[in-house]
Amino acid sequence: MRMSQMFGQTLREAPADAEVVSHQLLVRAGFIRQLGAGIYTLMPLGMRTTVKVETILREEMNRIGGQEIFMPVVHPAELWKETGRWYKIGDEMSRFHDKNGRDMVLAMTHEEVVADLVRKDIQSYRQLPRMVYHLQTKWRDDPRPRAGLIRVREFTMKDSYTLDKDEEGLDKQYRAHYQAYFDIFNRCSLPVIAVGADVGMMGGSLAHEYMYLTPIGEDTLLLSDCGYKANRQIALFKKPEPEAEDALDVEKVATPDVATIEALAEFLDIPKSRTAKAVFLMATFSEEKKDVEKLVFAVVRGDMDLNETKLMNAVKAKELRPAHDEEIADVGAVAGYASPIGINKEKIILVVDDLIPNLPNLVAGANEAGFHLRNTNYGRDYEAEIVADIVSAEEGYLCPKCGEPMQAQRGVEVGNIFKLGTDFTVPMGGNFLDEDGKEKPVIMGSYGIGSGRLVQSVVEEHNDENGIIWPISVAPYHVHLVGLRGGEEAAAKLYDELEAAGLEVLYDDRDESPGVKFKDADLIGVPIRITVSKRSLEEGSTEFKLRREDDRQKVALEDTVAKALEYKATLEAEVASTVVEIPYED
RNA sequence: CGGGGUGUAGCGCAGCCUGGUUAGCGCACUGCGUUUGGGACGCAGGGGCCGGCGGUUCAAAUCCGCCCACCCCGACCA
């Protein structure tokens, strides 16, 4: 590509609304342009890198038996009504009517379409196992797009789906993905870890998330030196052992204008850990066809944070939202001064963290504005319907496996794998006839990688103060050829020769000063730079520089193509050497 | 959805508080000339419904109201 002909330009300054380095660089270097919140155009450079990433995705999916298909981005709503997700998912799914007034949806994901294919095309166990995948646009009207391509509303995803006749088959395909995903990220030179994850709205039994560890990540992970690692949504931890203490009599104390745990601890001069915190949430349950809301009253130790994912799983709700003050008052509780003692238990589901029964003499609300109770004791003063772990793990909490303090780190979820089971094939009738003559639902797995998020994560990992430093595997070009004054003719000839040798070359033939060309080369970040100038030609040479290194090297003009091929091979071999077997961890 | 912030040329910004010539600066862009190994210089240019609507006023980028868009934190999220 001759730069003088390329659509798009580099920017000296990044737009003010780009905060994350990788976002700034992708915009400045001319890879992406924003169209709206969470909606981006891929420019020629961004497109080339994306194609590189997608090629890797295809190769690795094909390698484990994937068959590429292409499913639509617009779906009839009927499919989503069949699995219930039409009702379950809120604003995040965009809906519209076609000209006949039929409900349509923009695809957020494709489980329903796959299940529909299953019921149309799979009849026998002889047709299993199978694996299909596609690369397709997804639309999720996310409440908060952010950080460039890291979190967008419209994005391209590689999603694959496995179809099996039994759990063993699913496990086999799941493990194949587990390894293939590491291979994919390694080929992109992106370091990731796989962590246990909540199955969330996908349902199913087991899930891993592939996390790129970085402060710009939006998920929090808990990591232990012993190897335990999990998303905070589900991370376990070892609860502290409280000191034994005799239960004392309940005592009502006036606590005027003390409505928070902080204020309460200060007012009574006690640690927050000696208080019980009450949190109210409205939970939605499906009963028959209707949704029913019920107030969940959760109690955790005052210094700990409620984990809504754990709570949601504990009460088996499909949705949780903060309760309004009126809803809290309706059950006889007073926000800020609430406790389970003396509450109308008919109307609520009381859930107590499993640490609470071991904690004697906690301070809790009196359900009366301005008053708290000292020395409340679980079992004597109240009992809960559910006792479960409903607290979020934090930095420094003890590892559930080894008991040592854990570290909290942020991460970007660049991929995930799910054992879905029969959650989609049962409601949609995706059955097959098994060897034993019985009809059974096909067992599914679902596996996703967002290509844009992956591209930006690579940039976040590989950059310096001058710009991007692409790994050669996903670089938009292999070689950035800089032609300076006096070297135009030789550069143009070299450009043709390099391309003829199979190299992808970005040739800066613009009428610009050397400074501008070098700055742009650094910004765009192509791994191998070759400069041809009057100065170099006087010595009969060209100048090589790797983007990631500072030193330059003179190479005889006639050896330039060979040298470029050699560098490319070396860099590719380096990347390839990182692709290794990763032990599978549940 | 809650909190905070920003909308003035392609990008970065000043002007607004205290209303009043033709709305300004840097980069980018066009032409000419000089320059040429790390974002050059001179001269001459082009480009703006000052986010939108409404109001106050003789007069609004500037004051007031409503709306919209975008960004950040949180909530949410396969």
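Just so we're on the same page: letters track the sequence lines, and every chain starts at 1.
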Peer 1: P atom, B:C50 versus B:G24: distance in rounded Å?
Peer 2: 14 Å
Peer 1: Within 45° of the axis and under 6.0 Å from the centre of the six-membered ring of A:Y567, does NZ or CZ of A:K563 qualify?
Peer 2: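 Yes, A:K563 sits over the ring of A:Y567.
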Peer 1: Under 6.0 Å from the six-membered ring centre of A:Y584 and within 45° of its axis: does the NZ or CZ of A:R175 meet both?
Peer 2: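 A:R175 over A:Y584 ring: yes.
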Peer 1: Mind calculating the distance between CD (A:E413) and P (B:C76) to the nearest angstrom?
Peer 2: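 In whole Å, B:C76 P and A:E413 CD are 15 Å from each other.
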Peer 1: Take the protein atom CG of A:L25 and the nucleotide atom C1' of B:G39, then report the distance between them rounded to whole Å.
Peer 2: 16 Å
Peer 1: Using a 4.0 Å heavy-atom cut-off, does A:A147 contact any base of the nucleic acid, only the sugar-phosphate backbone, or nothing at all?
Peer 2: sugar-phosphate
Peer 1: Is there a donor N/O on one and an acceptor N/O on the other, under 3.5 Å, for the side chain of A:S513 and the base of B:G39?
Peer 2: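 Answer is no: no donor-acceptor pair is held.
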Peer 1: Looking across every strand, which nucleic acid part, if any, lies under 4.0 Å from A:P143 by heavy atom: base, sugar-phosphate, or nothing?
Peer 2: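 Base contact - A:P143 has a heavy atom under 4.0 Å of at least one base atom.
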Peer 1: Under 4.0 Å between any heavy atoms, over every strand shown, what does A:R552 touch: base, sugar-phosphate, or nothing? Just pick one.
Peer 2: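 It contacts base atoms.
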Peer 1: Using the P atom as the point on both nucleotides, what is the distance between B:U56 and B:U62, in whole Å?
Peer 2: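 Here B:U62 and B:U56 have their P atoms 15 Å from each other.
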Peer 1: Let me know, please, whether A:G148 or A:R28 comes out on the 5' side of the other along RNA chain B by nearest nucleotide.
Peer 2: A:R28
Peer 1: Is A:R529 side chain donor-acceptor paired with the B:G38 base, going by distance under 3.5 Å alone?
Peer 2: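 Yes, the side chain and the base share a sub-3.5 Å donor-acceptor pair.
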Peer 1: Rounded to whole angstroms, how far apart are CZ on A:R510 and P on B:C29?
Peer 2: 9 Å
Peer 1: Under 4.0 Å, counting only non-hydrogen atoms across every strand here, what does A:E308 touch: a base, just sugar-phosphate, or nothing?
Peer 2: sugar-phosphate
Peer 1: Check every strand shown and say whether A:A18 touches a base, only sugar-phosphate, or nothing at a heavy-atom separation below 4.0 Å.
Peer 2: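 If one applies the 4.0 Å heavy-atom cut-off, A:A18 turns out to touch nothing in the nucleic acid.
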Peer 1: Taking atom types as modelled, is there a side-chain donor on A:Y397 or A:S392 under 3.5 Å from an acceptor on the other?
Peer 2: no
Peer 1: Nearest heavy atom decides the nucleotide; on that basis, is A:R535 or A:Q9 closer to the 5' end of RNA chain B?
Peer 2: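 Residue closer to the 5' terminus by nearest nucleotide: A:Q9.
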Peer 1: Measure the distance from CZ on A:R12 to P on B:G39 and round it to the nearest whole Å.
Peer 2: 9 Å
Peer 1: Roughly how many Å is it from CD1 in A:I216 to C1' in B:C71, rounded to a whole number?
Peer 2: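 Going from A:I216 (CD1) to B:C71 (C1'), I get 15 Å.
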Peer 1: Would you mind telling me which of B:A40, B:C70, B:G12 lies closest to the side-chain atoms of A:A16?
Peer 2: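 Selected nucleotide: B:G12.
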Peer 1: Do the side chains of A:T162 and A:R130 get nearer than 4.5 Å, heavy atoms only?
Peer 2: no
Peer 1: Please give the distance between the C1' atoms of B:A28 and B:C66 as a whole number of Å.
Peer 2: 37 Å
Peer 1: Side chains of A:V114 and A:L163, heavy atoms from C-beta outward: is any pair under 4.5 Å?
Peer 2: yes
Peer 1: Measure CG/A:N416 against P/B:C77 and give the value in whole Å, please.
Peer 2: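 Whole-Å distance recorded here is 15 Å.
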Peer 1: So what's B:U30 paired with, Watson-Crick or G-U wobble, going by both distances under 3.5 Å?
Peer 2: B:A44
Peer 1: Polar atom pairs between nucleotides 4-9 of chain B and protein, under 3.5 Å, N or O only, would you list them?
Peer 2:
none

Peer 1: Please state the P separation for the pair B:G42 and B:A59 - nearest whole angstrom.
Peer 2: 44 Å
Peer 1: Check if the side chain of A:R146 and the base of B:C71 share a donor-acceptor pair of N or O atoms closer than 3.5 Å.
Peer 2: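 Result: no qualifying N/O pair found.
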Peer 1: Quantified in whole Å, what is the C1' atom distance between nucleotide B:A61 and nucleotide B:G2?
Peer 2: 31 Å
Peer 1: Return the value, rounded to whole Å, for the distance between atom CG of A:L11 and atom C1' of B:C13.
Peer 2: 15 Å
Peer 1: When the distance from CG of A:N231 to C1' of B:C76 is rounded to whole Å, what number comes out?
Peer 2: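 Distance check: A:N231 CG to B:C76 C1' gives 14 Å.
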Peer 1: Say whether A:K138 and A:H110, considering side chains only, have a donor N or O and an acceptor N or O under 3.5 Å apart.
Peer 2: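 Result is yes, a qualifying pair exists.
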Peer 1: Taking the six-membered ring of A:W86, is NZ or CZ of A:R95 closer than 6.0 Å to its centre and within 45° of its axis?
Peer 2: yes
Peer 1: Could you measure between the two P atoms, the one in B:C53 and the one in B:U22, and give it in whole Å?
Peer 2: 22 Å
Peer 1: Partner of B:C76 by Watson-Crick or G-U wobble geometry, both contacts under 3.5 Å, or none?
Peer 2: none
Peer 1: Mind checking the P distance from B:G10 to B:A60? Whole angstroms is fine.
Peer 2: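 25 Å, rounded to whole Å.
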Peer 1: Has A:E395 got more than 12 heavy atoms of other residues, nucleotides or ligands less than 6.0 Å from its CD?
Peer 2: yes
Peer 1: Have a look at A:R144 and say if it touches a base, only the backbone sugar-phosphate, or nothing, with a 4.0 Å heavy-atom cut-off.
Peer 2: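 Base contact.
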Peer 1: For A:R153 and A:D142, what are the C-alpha separation, side-chain angles and deciding distance, and is it a salt bridge (charged side-chain N to carboxylate O under 4.0 Å, His left out)?
Peer 2: CA-CA 6 Å; A:R153 296 194 293 169; A:D142 197 286; over 6 Å; no
Peer 1: Determine the interatomic distance between P on B:C49 and the same-named atom on B:U6; round to the nearest Å.
Peer 2: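 To the nearest whole Å, 23 Å.
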Peer 1: Does a distance-only test, which skips hydrogens and angles, find a donor-acceptor pair under 3.5 Å between the side chain of A:E512 and the base of B:G39?
Peer 2: no
Peer 1: Mark yes or no for whether A:R232, through its side chain, and A:E394, through its backbone, hold a donor-acceptor pair below 3.5 Å.
Peer 2: no
Peer 1: Show every side chain to side chain donor-acceptor pair (under 3.5 Å) that has at least one partner inside residues 9-18 of chain A, sequence neighbours left out.
Peer 2: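 Applying side chain to side chain donor-acceptor pair (under 3.5 Å) to every pair that reaches into residues 9-18 of chain A, excluding sequence neighbours, yields A:T10-A:D520.
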Peer 1: Provide a list of protein-nucleic acid N or O atom pairs under 3.5 angstrom, restricted to nucleotides 24-26 of chain B.
Peer 2:
unit_1	atom_1	unit_2	atom_2	d
B:G26	N2	A:E13	OE1	3.4

Peer 1: Report the base-pairing partner of B:C66 (Watson-Crick or G-U wobble, both distances below 3.5 angstrom), or none.
Peer 2: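 Partner of B:C66: B:G52.
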Peer 1: Using a cut-off of 4.0 Å on non-hydrogen atoms, how would the nucleic acid contact of A:Y447 be classed: base, sugar-phosphate, or nothing?
Peer 2: nothing
Peer 1: For A:D159, which contact category applies under a 4.0 Å heavy-atom criterion: base, sugar-phosphate, or nothing?
Peer 2: nothing
Peer 1: May I ask you to test the A:P427-A:E82 pair for a side-chain heavy-atom distance under 4.5 Å?
Peer 2: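 Answer no - side chains too far apart.
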Peer 1: Paired with B:G24: which nucleotide, if any, by Watson-Crick or G-U wobble criteria at under 3.5 Å for both distances?
Peer 2: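 In the structure as shown, B:G24 has B:C13 as its Watson-Crick or wobble partner.
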